[in-house]
Amino acid sequence: FLLSFSMSCLVSVIGFGARAPPKVLELLSSLCKDESTKAEIKPYGSQAVQASLSSPPYRVLQPHSNAAVSSLDDSSQETKSFDVVVFCLPTTADYLKPWTSGFLGSRAARRMCAPSSASLVLCYDPKADAFAGDIAASGVAESFRSAAGRRPYNGAALLSLSSLDVAAASQLSSGAKPATVIVVGGGGREHALCVALAASPLVGRVIAAPGNGGTAVEGGKVSNAGG
């Protein structure tokens with residue numbers, strides 16, 4: 001992607017976690033290196049993107065900042081100043097977990113797609129390794145400041161989020177019995193894995209085998225084998 005903006009812009013990068021897709025890095029790098037753009041990148045739950053941008057072949061130096069996605073809640077005022085939002089579409093499982101990066105990032109991206117928003121939202125689908133919609137660099141460069149110019153890109157992002165809603169609803173209404181998951185081990189990593197699995201609405205019970213004192217008292221869906 002070769003983007004050229006006549007004005008500076010603030011770019012929010014949301015929900016990429018440990019992912020650093022080359023297509024996203026190329027887009028962000030071109031924004032930052034264009035002298036007329038003067039883009040400032042602000043990652044939210046996207047630590048790998050910022051680290052990769054500072055490394056070869058991109059070598060884009062930005063002030064270190066990796067805010068938690070939870071700061072993009074409905075009461076946040078700083079998102080109103082974002083010109084461009086680059087959002088990573090989560091998996092259905094991540095989307096269904098309340099207060100995770102997928103859940104909060106999706107909610108923030110959906111809000112910034114609204115007609116009253118001045119943000120341009122570019123939705124990246126990691127499964128397809130592509131941005132939603134027909135992302136034409138020249139079109140973005142020429143019209144991202146106008147409502148008419150933002151409409152096709154924000155519309156494509158909303159379609160992707162709507163598809164995610166449909167997939168989530170289908171999964172929740174399928175009537176499938178919540179899974180029982182057995183985690184083999186008794187260390188701290190296994191304890192953390194049990195807690196993460198228990199947060200999924202698709203999991204009904206998590207059994208640690210043999211487990212430890214922490215998993216024995218964790219409660220909720222988590223228990224030790226034989227407990």
Side-chain angles (χ1 to χ4, degrees), residues 12-25 42-55 64-76 86-110 123-129 160-161 163-227:
S12 170
V13 183
I14 303 176
F16 282 86
R19 299 186 185 95
K23 288 184 179 180
V24 174
L25 295 176
K42 186 158 188 179
Y44 286 84
S46 302
Q47 61 273 18
V49 168
Q50 187 170 42
S52 298
L53 279 176
S54 63
S55 305
H64 181 74
S65 172
N66 187 46
V69 180
S70 58
S71 63
L72 288 174
D73 58 24
D74 291 334
S75 62
S76 176
V86 182
F87 165 66
C88 184
L89 195 69
T91 63
T92 305
D94 194 24
Y95 180 56
L96 287 171
K97 297 177 187 176
W99 312 116
T100 61
S101 62
F103 174 82
L104 291 169
S106 300
R107 189 171 68 176
R110 192 187 305 272
C123 183
Y124 174 79
D125 184 348
K127 288 185 178 180
D129 187 24
S160 295
L161 289 166
S163 297
L164 189 61
D165 285 336
V166 171
S170 176
Q171 199 164 41
L172 290 174
S173 63
S174 64
K177 184 179 179 181
T180 296
V181 181
I182 299 175
V183 177
V184 178
R189 286 181 297 181
E190 286 76 19
H191 185 177
L193 182 58
C194 287
V195 172
L197 288 167
S200 172
L202 305 179
V203 175
R205 186 182 179 193
V206 182
I207 302 173
N212 56 35
T215 51
V217 299
E218 183 66 35
K221 299 178 183 179
V222 180
S223 62
N224 283 349

Handout entry: Side chain T215, main chain A208, donor-acceptor under 3.5 Å
Key =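 Between the backbone of A208 and the side chain of T215 there is no qualifying donor-acceptor contact (under 3.5 Å).
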Heavy atoms only: give me the nearest [X]-[Y] pair and the separation to one decimal.
X    : Y    : answer
P178 : V203 : CB-C, 4.0 Å
S54  : A51  : OG-O, 2.8 Å
N224 : I207 : C-CG2, 4.2 Å
A20  : L25  : O-CD1, 3.5 Å
G186 : P210 : N-CD, 4.3 Å

Handout entry: Among L89, L161, D165, the one residue meeting side chain to side chain contact (heavy atoms under 4.5 Å, CB included) with S106
Key =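 The single option meeting the side chain to side chain contact (heavy atoms under 4.5 Å, CB included) with S106 is L161.
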Distance check, rounded to the nearest 0.5 Å: [X] atom [atom1] versus [Y] atom [atom2]?
X    : Y    : atom1 : atom2 : answer
K23  : D129 : NZ    : CG    : 4.5 Å
C88  : I14  : SG    : CD1   : 10.5 Å
L197 : R205 : CG    : CZ    : 14.0 Å
F87  : R110 : CZ    : CZ    : 8.5 Å
Q50  : Y44  : CD    : OH    : 12.0 Å

Handout entry: Close side-chain approach of P126 to R19, heavy-atom, < 4.5 Å
Key =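 Yes. Closest side-chain heavy atoms under 4.5 Å.
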Problem - P43 side chain reached by F16 side chain, heavy atoms, under 4.5 Å - result: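 Result no, sub-4.5 Å side-chain heavy-atom pair not found.
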